[in-house]
Structure formats: C-alpha cells, structure tokens
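Along the sequence shown, residues are numbered consecutively beginning with 1. These numbers come from a predicted model, not from an experiment. As a basis for the values below, the full set of heavy atoms in this structure was taken, side chains included, without hydrogen atoms, waters or symmetry mates.
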Amino acid sequence: MPMAVPSTLYLVVLFLVILPAAKSQRNQPMRLRFGKKGEFKILQVADMHYGDGKATPCEDVLPSQLASCSDLNTTAFVRRMILAEKPDFIVFTGDNIFGFDATDAAKSLEAAFGPAIASNIPWAAVLGNHDQESTLSREGVMKHIVGLKNTLSRVNPSEVNPIDGFGNYNLEVGGVQGSAFQNKSVLNLYFLDSGDYSTVPGIFGYGWIKASQQFWFQLTSANLKRAYMSKPLPQKSAAPGLAYFHIPLPEFSRFDASNYTGVRQEGISSPTVNSGFFTSMVESGDVKAVFTGHDHLNDFCGALNGINLCYAGGFGYHAYGKAGWPRRARVVVANLEATSNGNWGTVKSIRTWKRLDDEHLTAIDAQVLWSKTSVGGHDINV
C-alpha cells in the first residue's frame, strides 16, 4: 500500500524545528559512554509479558516446571542476565507487561523493570502491542515508564509535533572519557513505537512505523551524521546506529535457513502494510542492525542490504513459548578501535550472541554483525 506523503511545507517546518533541537541535545551531558576498555554492552529483553507477579502462571513450560513457575521466573532471569553479562545498558523491546493479566499496570511495570531499576544500570524501553491493555493508555504506559528510576526512555521528541506513537527517541553513546571522541557520539541508538494494531479501515493486523516517525528518524540521522563528520575530528561517514522496536518489519520474511543465524520456528508477524521504514534506514546509511521481539519462537539474525534484522527470542515466562525450548536474551557488544597512542577511537565492530535461561546461561549463536572491514555472519568466541 503506498504511504501518504506529507506536504512540502510540512517537511520544511519539521526540518527547521528539529535542527536546533538536535543541536541543543548534543550540548547536553552524555548519559551513555563507552568504558575504559573500549566496550559498550547492551542487554536486550523482549516480551516479558509480566502480569501480577507470583499469582501469574507460566505458559508453555515442561510439566515439572508448571507448579512453581510464575512471573517471578522472569524476574529471576533478568537478574541472572545482569549479573552474568554486567551490561552497560538494558533495552526492553515491548510487551513488557501483558495488559489483560495485569490488574494494575503501574505496579506491573514497576515489577517488570524492577531488576533493571535495582541494578542502577541505565535502561530504556519501547512499547509492544499488549502494554496498553491494562489500566493505563498507551500514552499513560510510556509516561509511567519515563518516570521510573534510571531510565533514559522518553515519551517522544519534544521538538517534533505531531509524531505518531509514544516512545520515539534516540540516545547517543559517547567515546571513552579522556579520549579524542569523548564529546562525540560514536554509536547512535534509535527507539521507535511500532504500534499495536491497524486503525485504518479495511487494513487488518498489526501496526507499523508511520511517515511522521520516519521523517523524525531521517532528520535525526542526518543531524547526527553531520555532527560526526564535523570538527573536531571529522569522520568520513556516519557513526554506526542500532534500532530497537517491537514488531518486525515485513523484510524479516526475506530470509530462509541458508542466510540467517538462529532459528525460525513460526511465521513473521509483521504488519500487512510495508510503510517503507527499511528503505529509510538503508538510505540513511548508518543503521547496522535492527532488534525486535513479538515472535517469541524466532531468534534469528539475517543481513539484508547491509542491515542485520534480529529477533531476541522470547524472554518472559507468562508469554507463549515452546516447552523444553529455553527462554532467552540477546546481548550486543560494540568495541572501539585502539589508536596508535594507546587510546580509543571509533567503533571497530559490533557483535552479538544469545544466552539461554538454563543451568549455565548457555551462550549460543555468536556472530559479528558489522565491522569496519566486513559485514555479518562470522563466528566468534564469547
């Protein structure tokens, strides 16, 4: 279905509004930064489907697990992952709560994000298609998330109005403190609201990333690229970017067993409308990988036109799954290039793997998503 194109006047106004705002954002202290070892690690948690805690039963687990299994197993898994991986940042990619089984949305959200809040590790979240089905509206859920401790989540970019959805924002990751890149973002993170369900008469199924969100992404990407390629230390191309949202794009269906790492055990539940966001990312040139949830039995990563499209795999125990197939989480690590003077420069590589909620938190499917010299698919050691 062709997407509607706003008027030229709308684009000009939007462009003029966003430019000064993006500049002022870059002047603010960076909240995220690479560590002294030149590494930045992100833990992705997809589809917790949190309900009412201990009273909420598990789905699709082995009979031996059923009697004692609840939302508390999800909480324990988050804690185990934090202790094992010691991430610099945690991203929750939607369906954080399962609204129909959460009698108090605020309390369920606080419990679901509890381990991240307690860890004092910065975290962020986007919405899925079930978060708003309890006692808070979709906007209300995002506003509550933004008010929680240690979160870098935002309701929306204040400088862009109107914009569809709630939870469209970007975060910049600065270079190592004391390095030449300490005041530049060397890794850019984009978060978008992929919606819940279609509201267009005659079009059924899940929501999609709308035109207003794509224009915000394009302009933000252009501003970040311009800053990265400007003095001091002007670079020749954009800093790498990662995008996080809940519902997979239609392009996720372009893979078969020959060109992805991981498993595909169910259909791709993307929207019936292709709004063109994948093309927008390809044209912008900075996004190297996209991370989604939604389809709990898929956990693969595949490269298409220079962008890796990755599922995290189901995490939560009150979410549908597959008995005997462990819940899992995805880890992404960006590493900086060492400079000749013993300091750190720009991003050299982006790697990923998954960990299973088994006895040993087994790590599987390690691969390089992007590097300065090659792209995707190479085996590595974790």
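- Nearest heavy atoms, Gln182 versus Gln177: OE1-NE2, 3.0 Å.
- Listed for the Arg355 side chain is a donor-acceptor partner under 3.5 Å among the backbone atoms of Leu361.
- Between Leu192 and Trp216 the shortest side-chain heavy-atom distance falls below 4.5 Å.
- Under the 4.5 Å side-chain contact rule for hydrophobic residues, Val333 and Met81 share a cluster.
- Hydrophobic clustering of Ile, Leu, Val, Met, Phe, Trp and Tyr side chains at less than 4.5 Å, counting indirect connections, keeps Ile247 apart from Val273.
- When each of Phe245, Phe277, Tyr169 is tested with Phe217 by the rule ring-ring contact (aromatic ring centres under 6.0 Å, His included), just one qualifies, namely Phe277.
- Taking every heavy atom of both residues into account, Gly313 and Ala46 meet most closely at O-CB, 4.0 Å.
- For residues 65-163, the set of pairs meeting the disulfide bond (SG atoms under 2.5 Å apart) definition, not counting sequence neighbours, comprises Cys58-Cys69.
- Panel note: side chain Glu337, backbone Gly345; no donor-acceptor pair is recorded below 3.5 Å.
- Checked by atom type and distance alone, the side chain of Asn308 pairs as donor or acceptor with a backbone atom of Leu369 at under 3.5 Å.
- By the 30° and 60° cut-offs, the orientation of the rings of Tyr244 relative to Phe291 is parallel.
- Remark: the backbone N or O of Ala222 is paired with a side-chain donor or acceptor of Arg226 at under 3.5 angstrom.
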task = List the steps and the verdict of side chain to side chain contact (heavy atoms under 4.5 Å, CB included) for Asp196 and His246.
result = CA-CA 9 Å; Asp196 48 10; His246 181 70; over 6 Å; no

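- Between Trp344 and Phe34, the distance from one ring center to the other does not fall under 6.0 angstrom.
- Between the side chain of Ser134 and the backbone N or O of Ala102, at least one donor-acceptor pair lies under 3.5 Å.
- The line from OG of Ser108 to CG of Asn96 is 11.0 Å long, rounded to the nearest 0.5 Å.
- In this model, a donor atom of one side chain and an acceptor atom of the other lie less than 3.5 Å apart for Glu251 and Asn274.
- The line from CD1 of Ile268 to CG of Asn298 is 5.0 Å long, rounded to the nearest 0.5 Å.
- Using a 4.5 Å heavy-atom threshold, the side chains of Val91 and Leu189 count as separate.
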key: Residues Asp286, Tyr190; criterion side chain to side chain contact (heavy atoms under 4.5 Å, CB included); working and verdict   = CA-CA 11 Å; Asp286 61 335; Tyr190 300 99; 2.6 Å; yes

inquiry  = Run Asp52 and Thr103 through side-chain hydrogen bond (donor to acceptor under 3.5 Å, both in side chains) and show every step you take.
reply    = CA-CA 7 Å; Asp52 282 343; Thr103 55; 3.1 Å; yes

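- By the 4.5 Å heavy-atom criterion applied to side chains, Val347 and Phe40 are not counted as neighbours.
- The backbone N or O of Gly195 lies less than 3.5 Å from a partner atom in the side chain of Arg138, making a donor-acceptor pair.
- Among Arg330, Gln367, Gln44, the single residue meeting the side-chain hydrogen bond (donor to acceptor under 3.5 Å, both in side chains) criterion with Thr352 is Arg330.
- Under the 3.5 Å distance criterion, the side-chain polar atoms of Trp123 are matched with a main-chain donor or acceptor of Lys149.
- Heavy atoms only, all atoms of each residue included: Gly128 and Gln132 are closest at O-OE1, 3.9 Å.
- Proximity of a side-chain donor or acceptor of Glu172 to a complementary backbone N or O of Ser185 within less than 3.5 Å is not detected.
- Tested against His49, the residues His318, His294, His296 include a single ring-ring contact (aromatic ring centres under 6.0 Å, His included) partner, His296.
- Ring geometry, Phe300 versus Phe252: the interplanar angle falls from 30° to 60°, so the pair is classed tilted.
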key: Verdict with reasoning, Ile307 to Val282, per side chain to side chain contact (heavy atoms under 4.5 Å, CB included)   = CA-CA 7 Å; Ile307 298 177; Val282 172; 3.8 Å; yes

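- Inter-residue side-chain proximity for Tyr50 and Phe98 is flagged as unmet; no heavy-atom pair is nearer than 4.5 Å.
- Counting heavy atoms from C-beta on, the side chains of Ser198 and Trp208 come closer than 4.5 Å.
- If you take OG1 on Thr151 and CD1 on Ile145, they are separated by 7.5 Å, rounding to the nearest 0.5 Å.
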Evaluation steps, side chain to side chain contact (heavy atoms under 4.5 Å, CB included), between Val45 and Phe77 = CA-CA 10 Å; Val45 176; Phe77 187 20; over 6 Å; no

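- Using a distance-only test at 3.5 Å, with no hydrogens or angles considered, no donor-acceptor pair links the side chain of Asp60 to the main chain of Lys322.
- In this structure, the side chains of Pro115 and Thr75 come closer than 4.5 Å at one or more pairs of heavy atoms.
- In the hydrophobic clustering of this structure, Val141 groups with Ile90; members are Ile, Leu, Val, Met, Phe, Trp, Tyr whose side-chain heavy atoms approach within less than 4.5 Å, directly or through other members.
- Atom CG of Asp164 sits about 11.0 Å away from atom CD1 of Ile209, to the nearest 0.5 Å.
- No more than 12 heavy atoms of other residues, nucleotides or ligands shown are found within 6.0 angstrom of CZ on Arg254.
- In terms of modelled atom types and a separation under 3.5 Å, the side chain of Thr272 and the main chain of Gly205 share no donor-acceptor contact.
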task = Before giving the answer on side-chain hydrogen bond (donor to acceptor under 3.5 Å, both in side chains), spell out for Lys184 and Thr346 the whole-Å C-alpha distance, their side-chain angles and the decisive distance to 0.1 Å.
result = CA-CA 10 Å; Lys184 281 202 171 191; Thr346 59; over 6 Å; no

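- At a threshold of 4.5 Å between non-hydrogen side-chain atoms, the residues Leu309 and Tyr260 do not count as touching.
- Connection of Leu72 to Val61 is not established within any shared hydrophobic cluster, with ILVMFWY side chains joined at heavy-atom distances below 4.5 Å, either directly or through further cluster members.
- If you take CD on Gln214 and OG on Ser284, they are separated by 9.5 Å, rounding to the nearest 0.5 Å.
- For the residue pair Leu187 and Ala334, the shortest heavy atom distance occurs at CD2-CB, 4.1 Å.
- Note: the hydrophobic cluster containing Tyr311 does not contain Leu297 (ILVMFWY, side chain heavy atoms under 4.5 Å, direct or indirect links).
- Ring orientation note: the planes of Tyr228 and Phe181 are tilted relative to one another, at an angle of 30° to 60°.
- Atom CG in Leu127 sits 5.5 Å away from atom CE in Met142 (nearest 0.5 Å).
- Side-chain contact between Thr220 and Asn188 is absent, with no heavy-atom pair separated by less than 4.5 Å.
- At most 12 heavy atoms of other shown residues, nucleotides or ligands fall within 6.0 angstrom of atom NZ in Lys107.
- The two residues Gly293 and Pro248 come nearest to each other via the heavy atoms O-CD, 4.1 Å.
- For the side chain to side chain contact (heavy atoms under 4.5 Å, CB included) criterion with Asn156, the lone passing option out of Val146, Asp193, Asn161, Ile163 is Ile163.
- Residues Asn170 and Leu224 come closest through the heavy atom pair ND2-CD1, 3.9 Å.
- Salt bridge status for Asp299 with Arg328: present, with a side-chain N to carboxylate O gap under 4.0 Å.
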